[in-house]
J.: 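This is the structure I have questions about; it appears just below.
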Amino acid sequence: MDVNNNFDVSVIKIDLKDDCRITKADEFFSVLTGYTEEDVKNGKVKLSDIESDDYRDMNVEMLLKAAENGKPFCLRQPIVKKNGGSIFVHSVGDVPESGEARLVLTVCNCQAKLEAAEKALNDELKLQGERLRVLSENTDDVYFDYHADDDVMNITAEKTFYPLEGRSLKGYLKNSLAKEFVHSSDYDDFRSEWDKMLASPSQGSFEFRTKAYDEKYTWYNMTYASFGEGGKAVNKVVGRITSIQKLKNLTRKINKDSEYISYLIETDSLTGLFNRKGFADQAKDILENRDERLVYGLVYSDINDFSYVNENFGYEAGNKMLKDFAVCLRETETNLIGCRIYSDFFIGIYRAETREELIRSIEQRNVNFANLQKEQYPASDIRISCGIYIIPNGENDINAAIDNANLARRSVKHSSNIICGMFSPRMKIQKVHEQTVCNELHSAIETRHIEMFLQPKFHLESRTIIGAEALARWRNEDGTYKLPYEFIPVLEKVGYIDELDFFIYGEALSTLERWKRDGKELIPISVNFSQHHISQPKFVDSIVKTADNYDVDKSNIEIEITESSFSGDTQTLFSVMGRLRSYGFKVSIDDFGIGYSTLSVLMNAPVDIVKIDKSFIDNIEKSKIDRDFVSNMCSLISTANKDIIFEGVETDAQAEILSTNGYTKGQGWLFDKAIPVDDFDRKYMYK
C-alpha cells in the first residue's frame, strides 16, 4: 500500500471497555505507525499509545460521548509512531449500531498534503527571498529575518561591515555583534527594542545610528514584526532597515528654516531689534518672571529732527543713524530687550536696582547717541526724546506700559533741556480727556453741539459794526460750554482740527448766504484755519469748492491764518496765501507779534489784514514805551499796504489812543464778546 496515496485509509477497532485497546488494524496502519499485526493481536497497542499528550484526554472524552450518544465524530490530530515520531492524520469514526463495545475508525493520511504544503511554502519563501534580494540590490533598504532558536540573522545587504557567512550573522545577539557598529548613545535603546520584540509577538519601529552600512554613523529606521510558529514563543523576527539620514537632514533644515522664519517674523530687518510682535511676546515673559527686588521700566524713544538727515543726507544716512541708536540701546547696561516700532521710534525694557540708576542709564544712553551724531553731523542738533514708565510689581500689561511711556515722551518732545520725561497719572487723565474729545467730535458736529459764535468787529470812532469773526463753541448737555482751550489744542494735536475748521467755515458761508437772501447789508466774516492745513495739498481747492456751493461773494470771506504758521515752510505758506487771494478771498494773519514771525517776513507776505495781538495794547494806557512801540510797528505794517485791526480792545481809553493814532478797526469786550448767531442776528443784523 502506497503511503503517499492521499486516499488510502486504515480501519481500526477499539475496545472501549478494555482500556481503549486496539483489537483490529489493517496493513496500512502498520505502515503508518510502525506497529505490527502481532503487536495488535497481542493487545500491546492502545489508543493512548498513538495519541499525543495534548490530545489524549480530549479524545477519550469525545469517544465516550460518541459511544453514549451514538453520534459520529471527526478530528484532526498528530498520531505518535512507535519510534516516537509523529504524523498528522484526519480521523472519522462512530459507534456501530449493534452496540458492541468496539469502535470503528477510518484514518485518512494527510501527511502527503502537509509535505506538499510545506514544500510550496518553502518554495514561496525562496521566491520571496529572491525578490527581497533583487529589491535590496536596487534600494538602500536592508531586509532581514532573524531566527531566535539558532540566533541567526539573515540580511540582504550588499554592502555591510558585519562579518557575514554567506548572508548570515551567527550568534547575532549572544555575541552582541551590533554593538561594534551601533552608536554608543543608541545601543542600550537598540538592545532594549530587541528584548521587547522577542518577549512576545509584536510589531513596531525604532530609530538608531549605525555605521554597519556606511563609512560613518547614519540614521536608520528598523520596522519589524515578531511571531512564533506553531503556537510557540517568538522564534522569528522579520523586517526592514531603511536609511532616514536624508529625512533627518531635511527635518533639521526645516527646523532651522522655521527658526529663521520665526526670527524674520519677530525681528526688525534693519536694526536686528525685535519688532512690535516679537517685543510683546518677550516683554510679557520678562514681566511675568521679574525679580521684584529690582526696578523695571519701559522707555519710549524717538530721534528728534530725524527727517533732517533723510532729506539732507539721504536714506542710507538715515538708516545708519537708526542702526547707531540700536547699538546704543543694546550697549546700555540696564537694557533687557529693545524694539524698533517703526521709522525712528524705539521702545525697550530696562532693569536696575533703583529708579535713579535706571534713569541715569537712559540719560547717559541719550547723551552718548547725541555725541556720536554730533561727530558725524556737526551742524545739526540730533537728540533723543524719550519717556520712561516705571512698571509696578504685578503689572504685566505691556500695551498699557507702552502707551504710558509714550505719553511721557510726548510731554518733553519739544523741550531742549529735558532729556527724559517721567510718566505721571495726570498724563493718563489728559490722554483720557483727549480720547473723549476726539471720540465725541463727529457726534457733536452732527447733533450741532458744536456751534458757530460770532464776535463783532467795530470802527473805533463811530462804534459801528464792520465785520465779525467766526469762533467755535462746544455746548455740553447741560447747556454750558467747553472753553476753547479744552478742545482746540487737542484737535490740533491729533489732526481733527481740519473737520472743525471746515464745519465753522460752512456755517459762516451759510450765514452770509442767508443775510444776502434776506436783503441785509453784508459784513465780512473771518474764519480761522489752523497751520495744520497749510501742508495739505488740496487745502486751497477745498476752500474754493466749499465756497462755490453757496451764493456768496468771496470778498466777504476772510481766511485767518495763525501767525504760528510762519514757523514752518514760508514758501509754501506764501503760495497758499497768494492762491486764496487770486480767487477773491481776503487773507489775514491772526495773533501777529507773539514771536513766530518778523516784520521783514511780513513785508513780503501776500496778506490783506494783520491782526495785532492784544498783548501789545494791554499797557498802552500807562506806558508811553508801549504806545510808541505800537505806533512804530503799525507804521511799518501800513508801509507794506496791510490793513490793521487790533484784538482785545477792552477799555474806552485803549480805543481812543488807537483811533487818535489813526487806527480805526478793533474787536474786543469793549464792544461785545462772541455770541450765538441768533443773538448776533437780533442785535446787529435784524434789529
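The first residue of the sequence shown is numbered 1, and numbering continues consecutively from there. Quick caveat, the model's predicted, so the values are computed rather than measured.
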J.: Classify the ring geometry between Trp515 and Phe680 as parallel (under 30°), tilted (30 to 60°) or perpendicular (over 60°).
T.: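 Geometry flag for Phe680 against Trp515: parallel rings.
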J.: Strictly by side-chain hydrogen bond (donor to acceptor under 3.5 Å, both in side chains), give each pair with a member in residues 655-667 just once, sequence neighbours left out.
T.: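 Non-adjacent pairs meeting side-chain hydrogen bond (donor to acceptor under 3.5 Å, both in side chains): Gln455-Gln667, Glu469-Gln667, Lys611-Gln667, Asp643-Lys665.
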J.: Taking salt bridge (Lys or Arg N to Asp or Glu O under 4.0 Å) as the test, write out the residues that go with Asp626, two or more places apart.
T.: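 Residues passing salt bridge (Lys or Arg N to Asp or Glu O under 4.0 Å) with Asp626: none at all.
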J.: Please name all residues satisfying side chain to side chain contact (heavy atoms under 4.5 Å, CB included) with Lys622, sequence neighbours left out, ordered by chain then number.
T.: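 Counting only residues at least two positions away or on another chain, Lys622 forms no side chain to side chain contact (heavy atoms under 4.5 Å, CB included).
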J.: For Lys673, what residues pass the salt bridge (Lys or Arg N to Asp or Glu O under 4.0 Å) criterion, not counting sequence neighbours?
T.: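 Checked Lys673 against salt bridge (Lys or Arg N to Asp or Glu O under 4.0 Å); zero matches.
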J.: Ignoring hydrogens and geometry, is there a side-chain-to-backbone donor-acceptor pair from Asn632 to Asp628 under 3.5 Å?
T.: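 Yes, because the side chain of Asn632 sits within donor-acceptor range (under 3.5 Å) of the backbone of Asp628.
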J.: Counting distance only, does the side-chain N/O of Thr546 pair as donor-acceptor with the main-chain N or O of Ser542 below 3.5 Å?
T.: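 Pair found, side chain donor or acceptor close to backbone of Ser542.
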J.: Please tell me if the side chains of Asp681 and Arg514 come closer than 4.5 Å, counting only heavy atoms from C-beta onward.
T.: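 In short, these two side chains touch, coming nearer than 4.5 Å.
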J.: Above 12 or not: heavy atoms from other molecules or residues under 6.0 Å from CZ of Phe629?
T.: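 No, not enclosed.
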J.: Determine yes or no for a side-chain-to-main-chain donor-acceptor pair under 3.5 angstrom, with Asn406 supplying the side chain and Ile402 the backbone.
T.: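 Checking the backbone N and O of Ile402 against the side chain of Asn406, no donor-acceptor pair under 3.5 Å is found.
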J.: For the residue pair Met577 and Ile589, what are the closest heavy atoms and their distance?
T.: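 That closest heavy-atom pairing would be CE-CG1, 4.4 Å.
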J.: Step through it carefully: locate the ring centre of His459, locate the ring centre of Phe671, and say whether they are under 6.0 Å apart.
T.: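 Centroid distance His459-Phe671: not below 6.0 Å, so no.
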J.: For the pair Asn476 (side chain) and Gly479 (backbone), establish whether a donor and an acceptor sit closer than 3.5 Å, ignoring hydrogens and angles.
T.: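 Side chain of Asn476 to backbone of Gly479, a donor-acceptor pair under 3.5 Å: no, none is there.
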J.: Keeping the roles fixed (side chain from Asp553, backbone from Ser555), state whether a donor-acceptor pair exists under 3.5 Å.
T.: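 Indeed, once roles are kept as given, a pair shorter than 3.5 Å links the two residues.
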J.: What about the rings of Phe616 and Phe646, do their centers lie closer together than 6.0 Å?
T.: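 Here the rings of Phe646 and Phe616 have centres that are no less than 6.0 Å from each other.
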J.: Would a 4.5 Å heavy-atom cut-off, applied to side chains only, mark Tyr300 and Cys386 as touching?
T.: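 When only atoms from C-beta onward are counted, Cys386 and Tyr300 do not touch, as no gap falls below 4.5 Å.
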J.: Name the one of Leu329, Ile362, Ile349, Val299 that satisfies side-chain contact (heavy atoms from CB on, under 4.5 Å) with Asn335?
T.: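 Result: among Leu329, Ile362, Ile349, Val299, Leu329 is the only option passing the side-chain contact (heavy atoms from CB on, under 4.5 Å) with Asn335.
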J.: Provide the full list of salt bridge (charged side-chain N to carboxylate O under 4.0 Å, His left out) pairs with a residue in residues 521-545, sequence neighbours left out, each pair given once.
T.: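 Sorted pair list: Asp541-Arg579.
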J.: Answer yes or no: is there a side-chain heavy-atom contact under 4.5 Å between Ile644 and Ile612?
T.: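 Counting from C-beta outward, Ile644 and Ile612 do come under 4.5 Å.
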J.: Is it true that a side-chain atom of Glu647 and a backbone atom of Lys614 form a donor plus acceptor pair closer than 3.5 Å?
T.: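 Between the backbone of Lys614 and the side chain of Glu647 there is no qualifying donor-acceptor contact (under 3.5 Å).
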J.: With no hydrogens and no angle check, is any side-chain donor or acceptor of Ser638 less than 3.5 Å from a backbone partner on Cys634?
T.: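 Yes; at least one donor-acceptor contact below 3.5 Å.
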J.: Hey, are the side chains of Phe529 and Ile559 touching, using non-hydrogen atoms and a 4.5 Å cut-off?
T.: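 Phe529 vs Ile559: side chains touch.
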J.: Side chain to side chain contact (heavy atoms under 4.5 Å, CB included) for Ile497 and Phe487? Distances and angles first, verdict last.
T.: CA-CA 9 Å; Ile497 194 67; Phe487 62 93; over 6 Å; no
J.: Applying ring-ring contact (aromatic ring centres under 6.0 Å, His included), can you list everything that pairs with Tyr350, at least two apart in sequence or on another chain?
T.: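 With sequence neighbours excluded, Tyr350 shows a ring-ring contact (aromatic ring centres under 6.0 Å, His included) to no residue whatsoever.
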J.: Any donor-acceptor pair under 3.5 Å linking the side chain of Ser575 with the backbone of Gln571?
T.: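 Side chain of Ser575 to backbone of Gln571, a donor-acceptor pair under 3.5 Å: no, none is there.
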J.: Between Arg340 and Asn275, is there a side-chain heavy-atom distance shorter than 4.5 Å?
T.: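 Sidechains of Arg340 and Asn275: no contact.
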J.: Is any side-chain heavy atom of Tyr389 closer than 4.5 Å to a side-chain heavy atom of Arg409?
T.: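 With C-beta onward as the side chain, the pair stays apart.
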J.: Is any NZ, NE, NH1 or NH2 atom of the basic residue among Arg475 and Glu451 found under 4.0 Å from an Asp or Glu carboxylate oxygen of the other?
T.: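 Looking at Glu451 together with Arg475, the answer is yes, because their closest N to O distance falls below 4.0 Å.
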J.: Using modelled atom types and a 3.5 Å cut-off, is there a donor and acceptor pairing between side-chain atoms of Gln536 and backbone atoms of His533?
T.: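 Between the backbone of His533 and the side chain of Gln536 there is no qualifying donor-acceptor contact (under 3.5 Å).
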J.: For ring pair (Phe, Tyr, Trp, His ring centres under 6.0 Å), just list the numbers for Phe313 and Tyr377, CA-CA rounded to whole Å, side-chain angles, deciding distance to a tenth of an Å, and then say yes or no.
T.: CA-CA 10 Å; Phe313 298 96; Tyr377 307 100; 4.7 Å; yes
J.: What pairs with His442 under ring-ring contact (aromatic ring centres under 6.0 Å, His included), at least two apart in sequence or on another chain?
T.: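 Partners of His442 under the ring-ring contact (aromatic ring centres under 6.0 Å, His included) test: Tyr496.
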J.: Find out whether the Lys NZ or Arg CZ of Arg473 is both under 6.0 angstrom from the six-membered ring centre of Tyr481 and within 45° of the ring's axis.
T.: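 No, Arg473 does not sit over the ring of Tyr481.
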J.: If you measure from CG on Leu273 to CD1 on Ile341, what distance do you get to the nearest 0.5 Å?
T.: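 Interatomic distance, Leu273 CG to Ile341 CD1, rounded to 0.5 Å: 11.0 Å.
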J.: Using a 4.5 Å cut-off on heavy atoms from C-beta on, say whether the side chain of Ile303 contacts that of Arg383.
T.: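 Arg383 does not reach Ile303 side chain to side chain.
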J.: Got a salt bridge between Asp324 and Lys320, using NZ or NE/NH1/NH2 to carboxylate O under 4.0 Å?
T.: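 A salt bridge is present here (some side-chain N lies under 4.0 Å from a carboxylate O).
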J.: Is it the case that the side chains of Arg410 and Ser385 hold a donor-acceptor pair, with the cut-off being a distance below 3.5 Å and no angle test?
T.: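 No, no side-chain donor-acceptor pair sits under 3.5 Å.
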J.: Mind checking salt bridge (Lys or Arg N to Asp or Glu O under 4.0 Å) for Arg276 and listing every partner two or more places apart, or none if nothing turns up?
T.: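 If we apply the salt bridge (Lys or Arg N to Asp or Glu O under 4.0 Å) test to Arg276, skipping adjacent residues, there are no hits.
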J.: Do you know the tightest heavy-atom contact between Ile617 and Gly648?
T.: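 Minimum heavy-atom contact is CD1-O, 3.9 Å.
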J.: So which atom in Phe279 and which in Gly348 form the shortest heavy-atom distance, rounded to 0.1 Å?
T.: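 Of all heavy-atom pairs spanning Phe279 and Gly348, the closest is CE1-CA, 4.0 Å.
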J.: Starting at CZ of Phe274, measure out to SG of Cys339 and round the result to the nearest 0.5 Å.
T.: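 Here the interatomic distance stands at 9.0 Å.
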J.: In terms of heavy-atom contacts, does CZ of Arg463 have more than 12 from other residues, nucleotides or ligands at under 6.0 Å?
T.: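 Yes, the 6.0 Å shell around CZ holds more than 12 heavy atoms from other groups.
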J.: Output side-chain donor-acceptor pairs under 3.5 Å for residues 503-511, partner residues at least two apart or in another chain, one line each.
T.:
residue	atom	partner	partner atom	Å
Tyr505	OH	Ile543	O	2.9
Glu507	OE1	Arg448	NH2	2.4
Glu507	OE2	Arg448	NH2	2.9
Thr511	OG1	Glu507	O	2.9

J.: Do other residues, nucleotides or ligands put more than 12 heavy atoms under 6.0 Å from Leu483 CG?
T.: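 For Leu483, atom CG is crowded (more than 12 foreign heavy atoms under 6.0 Å).
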J.: What residues form a side chain to side chain donor-acceptor pair (under 3.5 Å) with Thr436, not counting sequence neighbours?
T.: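 Thr436 satisfies side chain to side chain donor-acceptor pair (under 3.5 Å) with no other residue.
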J.: For the residue pair Asp501 and Val527, what are the closest heavy atoms and their distance?
T.: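 That closest heavy-atom pairing would be O-CG1, 4.4 Å.
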J.: Quick one: NZ on Lys323 to CE on Met321, what's the gap to the nearest 0.5 Å?
T.: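 If we round to the nearest 0.5 Å, Lys323:NZ and Met321:CE are 13.5 Å apart.
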J.: Test of understanding: with side chain to side chain donor-acceptor pair (under 3.5 Å), list the residues that count as partners of Ser526, not counting sequence neighbours.
T.: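 Side chain to side chain donor-acceptor pair (under 3.5 Å) check on Ser526 returns Lys457, Glu560.
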J.: Sequence neighbours excluded, which residues qualify as salt bridge (Lys or Arg N to Asp or Glu O under 4.0 Å) partners of Arg360?
T.: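 Salt bridge (Lys or Arg N to Asp or Glu O under 4.0 Å) check on Arg360 returns nothing, list empty.
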J.: I'd like to check Ile561 versus Asp590 (side-chain heavy atoms, cut-off strictly below 4.5 Å). Are they in contact?
T.: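 In short, these two side chains do not touch, never coming nearer than 4.5 Å.
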J.: Do any N or O atoms from the side chain of Asp608 and from the backbone of Lys586 form a donor-acceptor pair under 3.5 angstrom?
T.: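 A pair under 3.5 Å: no.
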J.: So which atom in Thr334 and which in Ala352 form the shortest heavy-atom distance, rounded to 0.1 Å?
T.: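 Heavy atoms only, the tightest pair is CG2-CB, 4.0 Å.
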J.: Is the NZ or CZ atom of Lys482 positioned over Trp474's six-membered ring, under 6.0 angstrom from the centre and within 45° of the axis?
T.: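 Satisfied, under 6.0 Å and within 45°.
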J.: Looking at Cys328 and Arg365, what are the two nearest heavy atoms and their distance?
T.: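 Here Cys328 and Arg365 meet closest at O-CG, 3.9 Å.
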J.: Under 3.5 Å, is there a donor-acceptor pair between the Glu375 and Asn371 side chains?
T.: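 No, no side-chain donor-acceptor contact under 3.5 Å.
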